[in-house]
Amino acid sequence: MLDKTDTHLEALLRRRKPGYSLEAPFYTDPDIFAADLDLIFGRHWIYVGVEPDVAEPGDAMVIDIGKTSVIITRNDDNEVRAFHNVCRHRGARVLQDYKTSVGNLVCRYHAWTYNLDGKLLFAEHMGKDFDAGCHGLKPVHIRSLEGLLFICLSDDPPADFDDMAARMAPYLAPHDLKNAKVAFESELIEPGNWKLVMENNRECYHCAGNHPELTVPLFAYGFGFAPEELDDMGRLEAQRYADLVKASHGEWESCGFPSQMIEHLDDMVTGFRTERLPLDGAGESHTGDTKAACRKLLGAINDPRHGALHFWTQPNSWHHFMSDHVVTFSAIPLDAERTLVRTKWLVHKDAVEGVDYDIANLTAVWQATNVQDAELVGLCQEGARSPAYEPGPYSPHTEMLVEKFCNWYVGRMRAQGAR
């Protein structure tokens with residue numbers, strides 16, 4: 001028999017009005033949040049980090065999603081593996097730190113010891129009939145997409161990851177993320193539901209009025225505008241941008257940098273979008289002066305003027321790949337009204353801090369933008385709590401990608417049997 005919460009969620013999903021934001025319970029209700037953790041974060045590919053997070057054998061990283069804790073580590077054969085962070089003895093958490101380096105994985109409770117492939121090596125006092133081979137760490141599905149790490153907590157992960165990977169690999173490969181390093185990492189708890197965090201990311205309608213640093217290198221035209229509302233100057237700028245995109249795509253693709261837009265945000269289980277976009281000013285990077293933040297470029301790139309490749313995945317990531325550095329973002333839900341946004345800035349592994357790059361310059365644009373976005377998400381969360389809240393209409397010119405995120409979410413919840 002369905003309980004009242006299940007019936008309520010099914011009704012909310014069924015009556016979702018296309019072109020409008022979601023009803024308030026999707027942003028505030030703890031029971032719907034629990035369903036999100038199960039049906040979205042428990043059954044889809046979730047972006048969690050980069051191969052340079054576990055650059056050497058023995059490096060380990062812990063990712064927490066809801067009640068689930070996952071160890072990601074690199075074994076002695078240089079393979080990246082993932083396991084549930086639960087000892088097979090009495091269930092203690094094996095690793096406590098976010099990042100560490102280990103020889104083996106040792107549970108501090110009773111010293112059960114596992115190798116980096118999850119095999120149980122040592123378990124004292126268990127008797128002659130004990131079979132260590134049946135008590136290895138439980139594996140978690142993990143995939144690397146040119147150095148971007150995705151996990152799936154389900155025993156049956158979506159198979160279309162391979163389709164996304166095949167199409168995205170040529171776009172990402174020139175940046176050689178596997179041979180980069182994490183120069184800086186930040187964690188910011190945004191005071192809003194994870195869907196509000198993602199909706200905010202999926203549009204630039206708000207950019208001009210809220211992101212003075214980001215709009216120096218970034219053209220908002222790349223994410224939609226209303227042509228009939230432009231003045232003469234606006235039309236000239238929009239045409240300049242369109243001409244720049246056309247010329248840049250042709251030039252970049254001739255140099256081996258795929259650039260054309262691919263968009264499957266709401267028609268694939270593993271939804272994604274990508275396009276290489278030109279930058280304003282010097283056209284080199286997401287910095288205050290639009291010039292490269294790192295003198296040593298990524299991979300074999302020899303020209304910093306290759307714009308910024310953006311790559312989005314449903315349900316929880318966005319990324320910017322430039323010639324000199326990469327910025328990756330993951331949104332991890334904490335509860336119905338808080339979301340952890342983890343941002344990593346990566347440079348060439350041989351780049352030297354203070355010589356090739358300055359951390360403040362490298363991170364300034366997105367450090368400021370993240371704080372600004374967190375405030376905006378908080379304002380939306382406050383509004384969603386109000387009895388006066390009702391779903392509002394999305395702009396067909398600048399919020400069409402927000403609509404696709406919501407379409408994807410509602411479609412996946414219904415497909416997974418949300419009731």
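Atom CZ of residue F83 and atom CG of residue D117 lie 6.0 Å apart, to the nearest 0.5 angstrom. Taking CZ of F272 as the reference point, atom CG of D163 lies at 8.5 Å (rounded to 0.5 Å).
Under the 4.0 Å criterion applied to side-chain N and carboxylate O atoms, E403 and R16 are assigned as salt-bridge partners. Salt-bridge formation is detected for the pair K344/E185: a Lys NZ or Arg NE/NH1/NH2 atom is positioned less than 4.0 Å from an Asp or Glu carboxylate oxygen. For the pair R240 and D280, the salt-bridge criterion is met [side-chain N within less than 4.0 Å of a carboxylate O]. We find that R74 and E51 are joined by a salt bridge, their nearest charged nitrogen and carboxylate oxygen being less than 4.0 Å apart. A salt bridge between K291 and D289 is absent, with no side-chain N of the basic residue lying under 4.0 Å from a carboxylate O of the acidic one.
In D350, the CG atom is crowded: over 12 heavy atoms of neighbouring residues, nucleotides or ligands sit closer than 6.0 Å. Within a 6.0 Å radius of CZ in R305, no more than 12 heavy atoms belonging to other residues, nucleotides or ligands are found. Residue D77 qualifies as enclosed at atom CG: its count of foreign heavy atoms under 6.0 Å is above 12. The local environment of CD in E375 is sparse, with at most 12 non-hydrogen atoms from other residues, nucleotides or ligands closer than 6.0 Å.
Counting only heavy atoms from C-beta outward, the side chains of E284 and M322 never approach each other to under 4.5 Å.
Using modelled atom types, one side-chain atom of W45 and one backbone atom of P158 make a donor-acceptor pair closer than 3.5 Å.
In this structure, a donor-acceptor pair under 3.5 Å is absent between the side chains of D176 and H348.
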Check residues 333-342 and write down every donor-acceptor pair under 3.5 Å in which the side-chain atom is one partner and the other belongs to a residue at least two apart or another chain.
| unit_1 | atom_1 | unit_2 | atom_2 | d |
| --- | --- | --- | --- | --- |
| D335 | OD1 | E337 | N | 2.9 |
| D335 | OD1 | R338 | N | 2.9 |
| D335 | OD2 | R338 | NE | 2.8 |
| D335 | OD2 | R338 | NH2 | 3.2 |
| E337 | OE1 | Q381 | NE2 | 3.3 |
| E337 | OE1 | R385 | NE | 2.5 |
| E337 | OE1 | R385 | NH2 | 2.8 |
| T339 | OG1 | G192 | O | 2.8 |
| T339 | OG1 | W194 | N | 3.0 |
| R342 | NE | E187 | OE2 | 2.8 |
| R342 | NH2 | E187 | OE2 | 2.6 |

